[in-house]
Amino acid sequence: MASHDDSATLAKSAKSVTTRDKRDDGPHNGNVMNVERADFTDLVPEGRAPVQGMEGFDPCYSDIVDYIIRCTHKIWDERDVGLIYTHYTHNIVLYLPTMTIYNREDVVRDTIQRLVSLPERRGNATQVVWNGNDKDGFYTSHLVTGSGRYTQNGHYGPANGRPFVSRTVADCMIHRNKIYREWVVSDQMAIIRQLGLDVDAYATKIAEGRLAQGFKTLDIGETGLMLGQYPPAEKADLSIAHTDLERHTLTWLHESFNRKMFGCYRDIYAPTVMWHGPLMKELYGVASVTHQALALVGAFPDAQFAPQHICSTPCNEGGTKVAVRWVMEGHHLGFGGLDSLGDPTGKRVQVMGMSHYHYKDGKIVDEWTVYDELALLAQIRIAQLADKPSAEEALDN
């Protein structure tokens with residue numbers, strides 16, 4: 001396990017800019033882009049030569065960070081929704097916290113619906129962590145901070161003009177200009193609360209719609225955290241890691257969320273750490289970070305924390321940023337920091353989350369974590385609605 005900052009081992013291969021001097025390459029200096037310190041105009045430069053292999057990609061993209069930021073902006077901010085046809089495969093699988101989309105036409109339809117409801121929304125790229133190459137495919141984890149007003153009647157109900165700000169992380173698998181797998185976690189609960197909507201009513205509406213489509217939350221018993229009466233696994237599964245720092249990250253995540261050894265945070269986080277979490281929480285210090293982890297586990301004490309993907313890139317601000325896509329699956333058995341869930345219901349839920357960690361000098365100085373509390377509440381409501389017919393039958397009998 002390595003606790004040092006191994007940025008040097010994470011450097012991405014890049015070739016020099018050939019058509020313009022490196023000194024004219026904004027803050028990038030001929031390397032793959034970093035979002036940090038770069039203004040938007042530096043992230044979508046005109047005429048920039050490729051600085052890494054981009055075989056099969058449109059010629060406007062000089063590297064993979066340029067690709068994900070530029071095409072996202074064109075689709076969402078410039079309204080070039082039709083780029084989805086050239087940037088997504090026909091059989092794209094898009095995973096969301098409450099549903100999964102299985103084809104390109106539904107991605108187009110969903111994008112248009114969101115643009116109609118939130119015409120003033122702007123998504124500002126906060127950071128992009130990535131790995132891969134143009135031969136085997138790229139993986140990007142794109143953190144976006146979105147803001148706007150609710151000015152058109154849409155899926156949130158009657159427009160009220162209220163402003164909002166929320167975070168979203170989109171993880172994409174990309175090959176030859178096309179995204180073929182995507183995971184998106186958007187903090188919808190933050191938006192719902194800022195718009196002043198009835199949280200429970202909105203979650204119930206989602207649950208009723210999903211149940212009408214035949215979807216229900218299934219309780220299959222144990223969560224996988226423990227096998228029978230055995231304790232959690234002593235060691236983390238490190239098979240998805242590529243570097244010492246990634247292995248270190250998976251190790252302490254397992255130690256805290258699965259083995260419940262939250263005291264390790266004193267050695268993991270810097271005393272000055274800033275924590276940017278769901279509902280746009282901004283907290284400071286190791287004690288705050290520790291309590292947020294306890295608050296999540298407190299609601300689902302039998303949940304298994306399972307990382308799905310990890311990647312890392314060096315950062316212009318110094319150090320390295322590590323992105324982890326993870327799933328927690330357990331039962332709503334306790335009181336935690338998720339106030340909207342109310343009293344424990346015993347219902348099974350799955351939390352899909354994304355976390356970005358910024359390491360400097362061996363410690364985490366910033367953490368961005370996104371999961372959607374609204375999706376959790378909707379899952380509980382689906383399970384409760386599914387129980388309702390059987391309860392009514394029992395009363396009739």
Starting from Leu296, can I reach Tyr265 by hopping between I/L/V/M/F/W/Y residues whose side chains sit under 4.5 Å apart?
yes
Linking I/L/V/M/F/W/Y whenever any side-chain heavy atoms sit under 4.5 Å apart, do Val169 and Ile179 land together?
no
Is Ile364 reachable from Val324 through a run of hydrophobic residues whose side-chain heavy atoms are each under 4.5 Å from the next?
yes
Do Val351 and Phe300 have side chains that get closer than 4.5 Å, going by heavy atoms?
yes
In short, salt bridge (charged side-chain N to carboxylate O under 4.0 Å, His left out) pairs touching residues 220-232 with sequence neighbours left out are none
Can you tell me if Lys178 uses its side chain to pair, donor with acceptor, with the backbone of Ile84 under 3.5 Å?
no
Is there a donor-acceptor pair under 3.5 Å between the side chain of Arg247 and the backbone N or O of Ile240?
no
Taking atom types as modelled and ignoring hydrogens, do the side chains of Ser355 and Thr369 form a donor-acceptor contact shorter than 3.5 angstrom?
yes
Measuring only between side-chain heavy atoms, which start at C-beta, is His331 closer than 4.5 Å to Asp219?
yes
For residues 200-233, pull every pair meeting ring pair (Phe, Tyr, Trp, His ring centres under 6.0 Å), keeping only residues two or more places apart or in separate chains.
Tyr156-Tyr202
Should Leu374 and Leu118 be counted in the same cluster of Ile, Leu, Val, Met, Phe, Trp and Tyr side chains packed under 4.5 Å apart?
yes
Is Lys321 paired with Glu36 through a side-chain N to carboxylate O contact shorter than 4.0 Å?
yes
Please check this pair: side chain of Ser256 against backbone of Leu253, looking for a donor-acceptor N/O pair closer than 3.5 Å.
yes
Just wondering, are more than 12 heavy atoms of other shown residues or ligands nearer than 6.0 Å to NE2 in His175?
yes
Closest non-hydrogen atoms of Val35 and Thr126, given as atom of the first, atom of the second and distance, are CG1-O, 3.5 Å
Could you walk me through whether Thr72 and His142 pass the side chain to side chain contact (heavy atoms under 4.5 Å, CB included) test, one step at a time?
CA-CA 10 Å; Thr72 299; His142 182 193; 4.0 Å; yes
Taking the side chain as every heavy atom from C-beta outward, state whether Leu341 and Ile380 have any atom pair closer than 4.5 Å.
yes
Might you work through the side chain to side chain donor-acceptor pair (under 3.5 Å) test for Gln113 and His155, ending with a clear yes or no?
CA-CA 8 Å; Gln113 290 301 308; His155 58 282; over 6 Å; no
When every non-hydrogen atom of Glu317 is compared with those of Lys360, the smallest separation belongs to O-NZ, 3.2 Å
Verify the cluster assignment for Leu338 and Leu294: are they in a single hydrophobic cluster under the rule of side-chain heavy atoms below 4.5 Å apart?
yes
Might you work through the ring-ring contact (aromatic ring centres under 6.0 Å, His included) test for Phe164 and Tyr150, ending with a clear yes or no?
CA-CA 8 Å; Phe164 66 89; Tyr150 186 40; 8.3 Å; no
Would you name the heavy atoms of Pro314 and Asn34 that are closest together and state the gap between them?
O-OD1, 3.2 Å
Before you tell me yes or no, could you show the steps for Tyr61 and Asp63 under side chain to side chain contact (heavy atoms under 4.5 Å, CB included), namely the whole-Å CA-CA distance, both residues' side-chain angles and the distance that decides it to 0.1 Å?
CA-CA 6 Å; Tyr61 302 124; Asp63 60 46; over 6 Å; no
Using a strict threshold of under 4.0 Å (side-chain N to carboxylate O), is an ion pair present between Asp134 and Arg176?
no
As a quick check of understanding, evaluate side chain to side chain contact (heavy atoms under 4.5 Å, CB included) for Ile191 and Asp187, giving each step before the final call.
CA-CA 7 Å; Ile191 297 177; Asp187 190 357; over 6 Å; no
Verify, without hydrogens or angle tests, whether Glu329 (side chain) and Val349 (backbone) share a donor-acceptor contact under 3.5 angstrom.
no
So CD of Gln384 and OG1 of Thr217: to nearest 0.5 Å the spacing works out to 10.0 Å
Pairs under 3.5 angstrom only: tabulate donor-acceptor contacts from the side chains of residues 267-279 to other protein residues two or more places apart or in another chain.
residue : atom : partner : partner atom : Å
Tyr269  : OH   : Glu367  : OE1          : 2.6
Trp275  : NE1  : Glu367  : OE2          : 3.2
His276  : ND1  : Glu282  : OE1          : 2.5
His276  : NE2  : Asp366  : OD1          : 2.7

Treating Asp66 as the side-chain partner and Ser62 as the backbone partner, does any N or O pair qualify as donor plus acceptor under 3.5 Å?
yes
CA sep, side-chain torsions, deciding dist, call: Thr140, Val129, side chain to side chain contact (heavy atoms under 4.5 Å, CB included)
CA-CA 6 Å; Thr140 61; Val129 183; over 6 Å; no
Using a 4.5 Å cut-off on heavy atoms from C-beta on, say whether the side chain of Phe57 contacts that of Ile64.
yes
Counting neighbours of CZ on Arg122 that are heavy atoms of other residues, nucleotides or ligands and sit closer than 6.0 Å, is the number greater than 12?
yes
Do Arg167 side-chain atoms and Val144 backbone N/O form a donor-acceptor pair below 3.5 Å?
no
Sub-3.5 Å donor-acceptor pair from the side chain of Asp198 to the main-chain atoms of Ala201, do we have one?
yes
Heavy-atom side-chain proximity of Trp183 to Leu96 below 4.5 angstrom:
no
Sub-3.5 Å donor-acceptor pair from the side chain of His332 to the main-chain atoms of Thr345, do we have one?
yes
Is it the case that Tyr85 and Glu105 place a side-chain donor and acceptor less than 3.5 Å from each other?
yes
Are the side chains of Leu94 and Tyr88 in contact, using a 4.5 Å heavy-atom criterion?
no
How about Met354 and Tyr371: do any of their side-chain heavy atoms sit closer than 4.5 Å?
no
Do the side chain of His87 and the main chain of Leu83 share a donor and acceptor less than 3.5 angstrom apart?
yes
Salt bridge (charged side-chain N to carboxylate O under 4.0 Å, His left out) partners of residues 306-316, not counting sequence neighbours, each pair once:
none
Would you call Cys311 and Val322 a side-chain contact if the rule is heavy atoms closer than 4.5 Å?
no
Counting distance only, does the side-chain N/O of Thr223 pair as donor-acceptor with the main-chain N or O of Asp302 below 3.5 Å?
yes
Shortest non-hydrogen contact between His254 and Ala233, atoms and distance:
NE2-O, 2.7 Å
Using the benzene-type ring in the case of Trp, are the ring centres of Tyr357 and Trp252 under 6.0 Å apart?
yes
To the nearest 0.5 Å, how far apart are OG1 in Thr89 and CD in Glu182?
10.5 Å
Could you check whether Glu55 pairs with Lys135 (Lys NZ or Arg NE/NH1/NH2 to Asp/Glu carboxylate O, under 4.0 Å)?
yes
Closest non-hydrogen atom pair between Ser340 and Val199, with its separation:
CB-CG1, 4.2 Å
Side-chain ion pair, Asp171 and Arg181, N-O less than 4.0 Å:
no
At their closest point, which heavy atom of Glu246 faces which heavy atom of His242, and how far apart are they?
OE1-N, 2.8 Å
Under the ring pair (Phe, Tyr, Trp, His ring centres under 6.0 Å) rule, what pairs show up with a residue in residues 301-326, not counting sequence neighbours?
Tyr139-His309, Phe257-Phe305, Phe305-Trp326
Salt bridge (charged side-chain N to carboxylate O under 4.0 Å, His left out) contacts in which one or both residues fall within residues 71-89, not counting sequence neighbours
Lys74-Glu78
